[in-house]
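What follows is one structure encoded as C-alpha cells, with my remarks underneath.
These numbers come from a predicted model, not from an experiment.
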Amino acid sequence: MPAIVINTHAGHELDTVSDAVDDVNVLKAKIWDSRSEFDSTKDKTTFRQYETACDRVKNFYKEQHEKQTVAFNIKARTEFKSRKRARMGIWQAMEMLDTLVDESDPDTELSQIEHLLQTAEAIRRDGKPEWMQVTGLIHDLGKLLYLFGSEGQWDVVGIDTVLCGRIPLLSVALSPIKTYTPVLRWQPDFHDAVYSTQYGIYEPNCGLDNVMVSWGHDEYLYNVVKNQSSLPAEGLAMIRYHSFYPWHREGAYTHLMNEKDHVALEAARAFNPYDLYSKSDEPCDIEKLRPYYEGLIVKFFPSEIDW
C-alpha cells in the first residue's frame, strides 16, 4: 500500500492565500472614494453652463423653483407610498427610460441609457468596485417617475435638489439657483416666517435623514431601491444626493448634518465627476456592454423589483 504523504504546510499556505484575498477585498472596498482619473484631461469649464443654456433649460428651472413647495413634497411622498407603479427588472427599466429627453440638462442630447452606461463605464475604467459601477448604471432610473404620471419634469429631473421647509438665503451662491434666484420670490413658501429662518422647520444637526429634500428622481429611486437591493450605504447616498448640488458642491446646509452625513457627503462628491463629466464621451455599444452589466445587476438586485 503506497504511503500517504501529509503536507503539514498546506494549512498555513491556505491561510496565507486567504489572508491575501481578504487584503485585496479590503483595498477594493476602499477605493470607491479615491480621486477620479477618467476626467483628468477634460475641460470642466464647458459643463453646466446655465447662463448660456437654451430656453428649454432656463424655463425648466424657473418652473421647478416655483412649484417645489413643502405642501407638494408632503403630497408626493404620500402618493409614493400609496401605490405600485410597475414591477420589472433593472435592464427593462433602463430600456423604458430611454424614451425620455431630460429638459434640465444643458450638457447632452444623448439618450438616457447611453448616459447611464457612460457613467458606469467611467467608474469601471477607474477600477472602482462593482457596487459603484451598478450605482452609476441605475442612478437616473428614478426619472421613470415622469413616465408613471408625474405632474411634469419639474418634479422629476434637474440637478438642483434643494431643502424644503427652509428657503435658501439669496446671498448664498447656489448653482443653478444663483442663475434663477428671482423666481424664488414667487414661490409660495418664500415669505413664510418659519421657512425663511436659519433652520426653517428643522433642528441643528438633525441629520439629512430627518429633512425633506425636494421630491424628484433621486429621492424616488432611493426609496425604491433601499429595501430591494444589497447596495451599501455609500451607493444609496450616491443615488439619493447626486443632484443635491447646493450641499455637495456649494457647502450649504452643513448646519443640519450629523456624523453619518459626512460619509454620505464624501460618497456624493466621489460620484459626481462620473455623472457630470462622462457625458462628453463617445456613445456606448449598448448590446456589447449588456452581458457584463446584466451580470452585475444580478449580484445586487432580484430579477424584478417594485417601482
### Test item: Leu137 and Thr119 side chains (from C-beta on) under 4.5 Å apart, heavy atoms
no
#### Entry: Option passing salt bridge (charged side-chain N to carboxylate O under 4.0 Å, His left out) with Asp306 (candidates Arg83, Arg87, Lys81)
Arg87
### Task
Give a yes or no answer on whether the side chain of Asp275 reaches the backbone of Asn272 with a donor-acceptor pair at less than 3.5 Å.
no
### Message
Looking at Asn73 and Trp215, would you say the former's side chain and the latter's main chain have a donor-acceptor pair under 3.5 Å?
### Response
yes
### Task
With side-chain contact (heavy atoms from CB on, under 4.5 Å) as the test, would you mind laying out the steps for Val213 and Leu208 before giving the verdict?
CA-CA 8 Å; Val213 295; Leu208 295 189; 6.0 Å; no
### Task
May I ask you to decide if Met88's main-chain N or O and Trp307's side chain share a donor-acceptor pair within less than 3.5 Å?
yes
#### Entry: Name of the residue among His115, His217, His242 meeting side chain to side chain donor-acceptor pair (under 3.5 Å) with His139
His115
### Query
If you look at every heavy atom in Leu296 and Gln133, which pair is closest and at what distance?
CD1-OE1, 3.4 Å
#### Entry: Within 6.0 Å of NZ in Lys260, more than 12 heavy atoms from elsewhere
no
#### Entry: Ring-face cation contact, Tyr292 with Arg124, 6.0 Å cut, 45° max
yes
### Query
Would you say Glu203 has more than 12 foreign heavy atoms packed within less than 6.0 Å of its CD?
no
### Message
Measuring only between side-chain heavy atoms, which start at C-beta, is Asn210 closer than 4.5 Å to Tyr202?
### Response
no
### Task
Compute whether any side-chain donor of one residue and acceptor of the other, for Glu121 and Tyr293, lie under 3.5 angstrom apart.
yes
### Query
Which word best sums up how the rings of Tyr220 and Phe148 line up, parallel for under 30°, tilted for 30 to 60°, or perpendicular for over 60°?
perpendicular
#### Entry: Taking every non-hydrogen atom, the tightest pair across Met132 and Ile123
O-CD1, 3.5 Å
